[in-house]
Amino acid sequence: MSSNTGTATADKDVKDRQKQAPMQPLRPRDALTKEDCLELFKQLFLARYFDVRLIKEKKKGRLSGTLYSSHNQEAIIVGSLYGLRSTDWVSPIHRDMPGFFIKDMRAGWRNHDRMGMSIEDVCSQVWGKATSPGRARDNWSHIGSKAKHIIHSTSMLAGTIPAAAGVVYADRLNGGDAVVLTYNGEGSTAQGVFHEAINFAAVHKLPVITIIENNQWAFGTPTHLEYSLPDFARRADGYGIPGLVADGQDVFDVYDKVMTAVEHARSGNGPSIIECKTFRAYGHGDHDDQRAEKYRPPEEVEKGRSRDPIAMCRKYLVEKGYLSKEDAGKYLAEGKDAGQAKDEDFPPEVVAYMHEGVEFAVKAPLPEAEEGGKWVFYEGGNR
Ligand SMILES: Cc1ncc(C[n+]2csc(CCOP(=O)(O)OP(=O)(O)O)c2C)c(N)n1
Ligand SMILES: [Mg+2]
């Protein structure tokens, strides 16, 4: 039986462990250079063009399979990834396809050694070719790369958060300081595994930053039938961790909030939730586009798409004096859906980069038949 003093010390230890370090709100955007801001602007065009181009390719009959659009949600992907270190991990899902190649893009768009996939990798995956990181064994976002610090995406919503927590737990035990960004739609947060994983991360103070892409819809279910809070971020209170709300249309606000959480996590203060408020531009996937027109009133869609992340970023750059009025009017992709947008609406560098990925994938071979019997069990290698 422990002495009274021993019990008091143990109680204090427990209280110390349960104490929440306050999150210091940061404005890391103030330290971004003009070049950084212009790069973020270009990456927004790139994420949008990826979407536009795939829809056009499918319309032309050069591509099959379902597309899950990130149109209007690009600021979340671009803003959250920009401040990461190469050693950090990400866990993207179906709505984050551009994140696979935008990760670590600061190390050079065409630098094959950077800690993100190449556009050739990602397009090969979309086209189901042998050159895809998953060797075309599955489609869309069902890829990952241990070497590039990208956790394999699955269709089991919220199912990657425990895996992400385990990855950074192992990294901590090995003396690393990596953080992980997990991405989840607001609908996926109703899964039991979401609560289990966040709770586990909270009690072990793991550097897991959960980004909630709150696009107001989970397939055909609106948010008021998903949870009963004005701000989803308040769920964080129940786990004893910070929860921030970001304007998901504003790449700089996303950057500020995510980097605040990253600093907090890297300093050993544990996980947090960042709710990014946005709006899903199209149907759940392109198979749902026509149905979505029936279950969502046109006024709601128009309002939800009225704050285009490209236009908002441009406005900020003009106000900062980083973009002249003349240059600002050069490429006007905002507000246009894939049927309206033309290549001339995007910077030529963006179009050329995506074009290289598309042409590589179109020409790449399909996998050999025997590939189907492989990779169920470990076959060596580190991908
Ligand atoms: C555990 C589980 N339940 C249901 C589904 C089917 N499903 C796939 S996406 C989706 C809606 C997801 O909505 P949300 O999490 O808000 O993400 P969004 O698609 O809006 O980005 C559903 C129900 C699934 N993949 N996994
Ligand atoms: Mg959603």
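Indexing begins at 1, ligand by ligand and atom by atom, following the structure's order. Predicted model, so just to flag it, every value in this text is computed and none were measured. Residues take their numbers from the sequence shown, with the count starting at 1.
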Pi-cation contact, Y82 with R106 (under 6.0 Å, within 45°): yes
Cluster overlap I212 with M259, hydrophobic side-chain contacts below 4.5 Å: no
Between T33 and D36: side-chain donor-acceptor atoms closer than 3.5 Å: yes
From Q249 atom CD to Q73 atom CD, the distance as rounded to the nearest 0.5 Å: 8.0 Å
Backbone or side-chain N/O/S of E186 under 2.8 Å of the Mg ion (ligand 2): yes
Any N, O or S atom of N215 closer than 2.8 Å to the Mg ion (ligand 2): yes
side-chain hydrogen bond (donor to acceptor under 3.5 Å, both in side chains) contacts in which one or both residues fall within residues 251-264, not counting sequence neighbours: R29-D256, D253-K257
Residues in the immediate environment of ligand 1 (any heavy atom closer than 4.0 angstrom): H94, R95, S155, L157, G185, E186, G187, S188, Q191, N215, W217, A218, F219, H284
Within residues 289-334 or reaching into it, pairs that qualify as ring pair (Phe, Tyr, Trp, His ring centres under 6.0 Å) - sequence neighbours excluded: W217-Y295, F252-Y316
Just list the side-chain donor-acceptor pairs under 3.5 Å for residues 303-313, sequence neighbours left out, or say none.
from, atom 1, to, atom 2, distance (Å)
R305, NH1, A281, O, 3.4
S306, OG, K303, O, 2.6
R307, NH1, D247, OD1, 3.3
R307, NH2, D247, OD2, 2.4
D308, OD1, R48, NH2, 3.3
D308, OD1, I310, N, 2.9
D308, OD2, R48, NH1, 3.1
D308, OD2, R48, NH2, 3.4
D308, OD2, G335, N, 3.1

The Mg ion (ligand 2) to nearest N/O/S of R95 below 2.8 Å: no
